[in-house]
Visitor: 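Sharing a structure with you now.
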Protein chains: 2
Amino acid sequence: MQGLPGDPDHAFAAGEGDLVAGVSPKTVSNVLTGAAGVRQQTRAKVESAMVELDFVPNLSARGLRNGRSGVIGFALPDVGTAFSASITHAMLEVAHERGVMIQIEETAAEPEREYDLVSRARTHQVDGLILNPVRLEDSVVERLDHLPPPVVLIGEVEQHRTDRVFVNSRAAGRLSAEHMIDQGARRVAVLGGGLAGSEDRKATMGQRLQGYIDGVTRRGLPAPDELQVEVIEWTIEGGAAGMRELLRREVAFDAVIAFTDSIAMGALYALHEAGVRVPEDVLVSGFDDVQHAAYTWPPLTTVRFDHHHYVREAMDLLAERIADRSIGPRAVEIPHALTARRSSDAWPAGYVPPSGR
Amino acid sequence: MQGLPGDPDHAFAAGEGDLVAGVSPKTVSNVLTGAAGVRQQTRAKVESAMVELDFVPNLSARGLRNGRSGVIGFALPDVGTAFSASITHAMLEVAHERGVMIQIEETAAEPEREYDLVSRARTHQVDGLILNPVRLEDSVVERLDHLPPPVVLIGEVEQHRTDRVFVNSRAAGRLSAEHMIDQGARRVAVLGGGLAGSEDRKATMGQRLQGYIDGVTRRGLPAPDELQVEVIEWTIEGGAAGMRELLRREVAFDAVIAFTDSIAMGALYALHEAGVRVPEDVLVSGFDDVQHAAYTWPPLTTVRFDHHHYVREAMDLLAERIADRSIGPRAVEIPHALTARRSSDAWPAGYVPPSGR
DNA sequence: CTGAAAGCGCTTACAG
DNA sequence: CTGAAAGCGCTTACAG
């Protein structure tokens, strides 16, 4: 006797369930999978037996047989971050609609962990993986050669061997910069990663930075290094630290574009702390339109895109990839838009923000 | 040929792996499970064969055989909430340390979904479930009779049939109320659920409310209904709406205890919006010490407890429960403490907040 | 339309 | 210390 005691209903399709219903396992299976060709009466008999025995199918067995578990993996650097939490929430809602289960894993932004997750996807009983990588060049996707599992990348990775869903972060960065300038800013600073000197220009942050440079340049303004602050941790703490660093430099600036909303919230805090007013002295914006963004003080201007849409596309791509591994890799762009809130309100005509800022 | 093409390494322990290594499946298994009694030389042979074939064990098969999947389910109302995101992050870190995988599910605070998750735990290939229920009286735990899977509850549920981990919310509520009063407040309002008239006094919110009443009463102050606002959604939006409702009542209050940090952040926003200053006019506090709490403006006084500790205890209880279903249910209390920040700074001696507030 | 049988990849009694 | 065999619960060719 190997099964758990009190757990006889495990053996339904090939066990006592068919005895109760008086049909073959094949018929039970037909009922379960909804296959055609089961008489109404037979179906009813099987279903009542299932209820009577409180039958629940054993997905491990089904998974073993089918090579599918019905579970997909979702990997990101840190669920605790506001943006990640929002995306994860959207993912779970969509997954629930579709009846798929989600196994979550964190990579802590470590390429090694990204690599492990992909190479162990099979082991982890997931049919595929939706991965939000952070750094490309040393990341797993570069090493995906040996029998990669179905993988969909989320994010602005310049990568053409894998399906991916992305927002055009370069265009979004430009949009932010132009918005700040149109609101009256002349010295626009940025808080983010992927700055000059860093290796990962191709990734999200690099694109946002490039877009920023595009934007200020198109408006005929400079984008000097002194206005660019590297933020290591894309968290509120990281943003606050980055903002303090910028203030310490004692260079003039009248707007700050933070490359995530969390960074922007940290920046807002550090500005408050320093007695710098937003938007009177400095305009601030973020990226992602996290839930909290509309409730900071002042409310935060940000680049928004539909998180559910983002996730839905990723799950579609993954489902298609699981069904057919031979199709060529595809990339789906999710539209974005700037949501202007009070943190970037234009100054009254003729108003000049206090010097030194 | 049923296996995926190019996937021959699945059949290792009882397949070609043992041929390559020239040993029996039993020996391979001994190596895999780290059992004693395998000669060093043999072990090395097996391990090199595993590397050569790029072997990864098939957990579905192992799960089918063992009745264990190595996956545990984690269910909560909404991962998008700051507190949930933080707990989830802690959960994933602890799970990673321990080599267990986490399947996340949302209940949307619907008792039906809580019930479904528990009753389908087996189906979902999880060895057990850590559940953060929201409403007890119509919740699943009341119906847990028929072969419940191993379940650990997280939260202040008054429930003695299931293992659980909790914070003493009643004591924490009292602590908050006493703190406010000690800081000079006399008319302390609350923003939360579980208020008089609601059915779920037993749950978290009800305990926090009861603690608040304990606290103001012990200090000889009243806790009138007019100072208690029901907040349906425990989100920032919900908190802002609740605060606006309180302002609309036009009753005097000089402190607000919000029953979660998210609610407190919404309250802070609505107070700003109304031009009410914190802490000069009104003191504010929250619960949970979410990441953002130290970075609101002003920084938020809150009740903190160690999220990793919380999660670790829950996973310990679950592991023990999975190993032995016969032990009696246990409850573990996680210590808490009040973290005072600027949002509840005492008024200067003799200062009287503007009337009407 | 339905039945009997094999097999997915593991692990563990049970013999040697 | 090691080998041969059975079985976990499902599903799907393959026959009837």
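Because the structure is a prediction, the values reported are computed rather than measured. In what follows, chains are A, B, ... by sequence order, proteins preceding strands, each numbered from 1.
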Visitor: Quick test of your reading of the model: are A:Arg330 and A:Glu320 salt-bridged, counting only N-O distances below 4.0 Å?
Guide: yes

Visitor: Between A:Arg62 (CZ) and C:dC10 (C1'), how many Å, whole number?
Guide: 20 Å

Visitor: Both atom distances under 3.5 Å, Watson-Crick or G-U wobble: I'd like the secondary structure of DNA chain D as a dot-bracket string, with | for pairs made across strands.
Guide: |||.||||||||.|||

Visitor: Identify the residue among A:Val165, A:Asp163, A:Ile130 that makes a side chain to side chain contact (heavy atoms under 4.5 Å, CB included) with A:Leu318.
Guide: A:Ile130

Visitor: Checking side-chain polar atoms at under 3.5 Å, does B:His89 have a donor or acceptor matched by the opposite partner on A:Glu106?
Guide: yes

Visitor: Tell me the interatomic distance from A:Arg65, atom CZ, to C:dA6, atom C1', rounded to whole angstroms.
Guide: 9 Å

Visitor: Aromatic rings A:His307 and A:Phe83: how do their planes relate, parallel, tilted or perpendicular, breaks at 30° and 60°?
Guide: perpendicular

Visitor: Looking only at side chains, do A:Asp127 and A:Ser69 share a donor and an acceptor under 3.5 Å apart?
Guide: yes

Visitor: Is there a donor in the side chain of A:Glu93 and an acceptor in the side chain of A:His308, or the other way round, less than 3.5 Å apart?
Guide: yes

Visitor: Kindly point out which of C:dT12, D:dC10, D:dT11 is positioned nearest to the side chain of A:Asn66?
Guide: D:dT11

Visitor: Let me know the distance between CG of B:Leu64 and C1' of C:dG9, rounded to the nearest Å.
Guide: 9 Å

